[in-house]
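One structure is given here, and the rest of the page talks about it.
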2 protein chains.
Amino acid sequence: MSDSQTAPHQPTVLDRVLAIGQMLQHDMDRSFSDTGLSTSRTHLLWVLHHAGPSTQRSLATALQVSARNITGLVDAVEHHGYAARTAHPTDRRATLVTLTDLGRRTMQRMASEHEQLSRELVAGLAPDEADVLMRGLTHVEGVLARLIAEAANPAEVRS
Amino acid sequence: MSDSQTAPHQPTVLDRVLAIGQMLQHDMDRSFSDTGLSTSRTHLLWVLHHAGPSTQRSLATALQVSARNITGLVDAVEHHGYAARTAHPTDRRATLVTLTDLGRRTMQRMASEHEQLSRELVAGLAPDEADVLMRGLTHVEGVLARLIAEAANPAEVRS
DNA sequence: TATTGTTATACTCTATAACTATA
DNA sequence: TATAGTTATAGAGTATAACAATA
């Protein structure tokens, strides 16, 4: 209980974003119980929902994970009835993964829940406040993108 | 490539927060390479840094994970020299986990990096904009906390 | 009896490497 | 020779259940 050394500083924008992100993750995990879904599996279904039938190769590229990982994720969503493997019409090496009706309905429901949550989160704010909030977040995202790009490419210090 | 059904709607505050959270996670993962650390292990060290020497039981409560999980995390941070198990002075069932010098120095460095990032993320904003951003995020966090509490306790619809 | 931490077991997400079938 | 997807193997994070030592 006793804080040994670090003073509990004022929460910053970074702290708030981290806290909100953690709450969102927690909430998602809870909503997945008994669905056979998870963050990774849902991400895969989400990509399928937007891109339509896809090869596992293209899914691996979209999710930025290994081919082996996609095999496991497709196994899982197929087993739970959200997607199915079908033959590729022209390339017999490849597999096309397609959403089932259940998968499609599930993604549509998630999209509408996402929209509703998007509205609820800012419902109590004045329009101009919501505006500044949005612009502030856009700014933060831009700075972060720049910092990450610099860290990944430490050579040049932008002039 | 072809968006099959969902129109690419305008990004919302929720979308921005999710994107920023993902970037932060990605950046953290990158910074962990070759340190023997990870999000979970760092979280444990962070709690130790603030709470001081702790039993594994209290760490399990603080991180909200199982006792078994703590055994593994402590094994790992001990193996990498960030913390050590010591005997509890009065309860011979319990183990006290304490940070080593390396662990303490690492947490201090992370704290200062966190503070620097906190400053950088809002550095380009006008003071009043940063203010509204902060208040907007506090609002969002509050709404989210309420929604999660309601979802966990669906009985009463708040009057 | 209750609590602390461990071992046993299992599931998910992730990776690399070797291999098969096809291009 | 290169590519798509699988199997083999491994490590991390997570869980529950059974168990030993201690309270």
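Here is the naming used below: chain letters follow the sequence lines, and residue numbers restart at 1 for every chain.
As judged by a 4.0 angstrom heavy-atom cut-off over every strand, T39(B) is placed among residues making no nucleic acid contact.
Under the 3.5 Å distance criterion, the side-chain polar atoms of T42(A) are left unmatched by any main-chain donor or acceptor of T39(A).
Distance Q25(A) CD to dC13(C) P: 12 Å, rounded to the nearest Å. Taking atom CZ of residue R57(B) and atom P of nucleotide dA2(C), one finds them 16 Å apart after rounding to whole Å. Nucleotide dT4(C) holds its P atom 16 Å from the CZ atom of R85(B), rounded to whole Å. Between the CD atom of Q64(B) and the P atom of dT14(D) there is a distance of 12 Å, given to the nearest Å. The distance between atom CG of L96(A) and atom C1' of dG5(D), rounded to the nearest whole Å, is 13 Å. In this structure, L44(A) places its CG atom 15 Å from P of dT12(C), rounding to the nearest Å. A straight line from CZ of F32(A) to P of dT12(C) spans 14 Å, rounded to a whole angstrom.
Under the 4.5 Å side-chain criterion, counting only non-hydrogen atoms from C-beta, L99(A) is not in contact with V77(A). Using a 4.5 Å heavy-atom threshold, the side chains of R93(B) and H88(B) count as separate. Annotation: side chain of T71(B) is in contact with side chain of R68(B) (closest heavy-atom distance under 4.5 Å). Between T106(B) and L45(B) there is no side-chain heavy-atom pair separated by less than 4.5 Å.
Annotation: proximity of residues 65-84 of chain A to DNA chain C (heavy atom, distance under 4.0 Å) is found for V65(A), S66(A), R68(A), N69(A), L73(A), numbered in ascending order.
The shortest distance between the side-chain N/O atoms of Q56(A) and the OP1/OP2 oxygens of dT6(D) is below 4.0 Å. Under 4.0 angstrom from either OP1 or OP2 of dA4(D) there lies no side-chain N or O belonging to T95(A). Distances shorter than 4.0 Å separate none of the side-chain N or O atoms of R41(B) from OP1 or OP2 on dG11(D).
Counting only residues at least two apart or on different chains, the side chain to side chain donor-acceptor pair (under 3.5 Å) pairs with a member in residues 122-134 of chain A are E129(A)-R135(B).
Minimum interatomic distance between S118(B) and T12(A) (heavy atoms only, all atoms of both residues): OG-OG1, 2.9 Å. Of all heavy-atom pairs spanning V47(A) and A62(A), the tightest one is CG1-CB, 3.9 Å.
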Do any N or O atoms of the protein come closer than 3.5 Å to N or O atoms of nucleotides 21-23 of chain C, and which pairs are they?
unit_1, atom_1, unit_2, atom_2, d
dA23(C), OP1, R92(A), N, 2.8

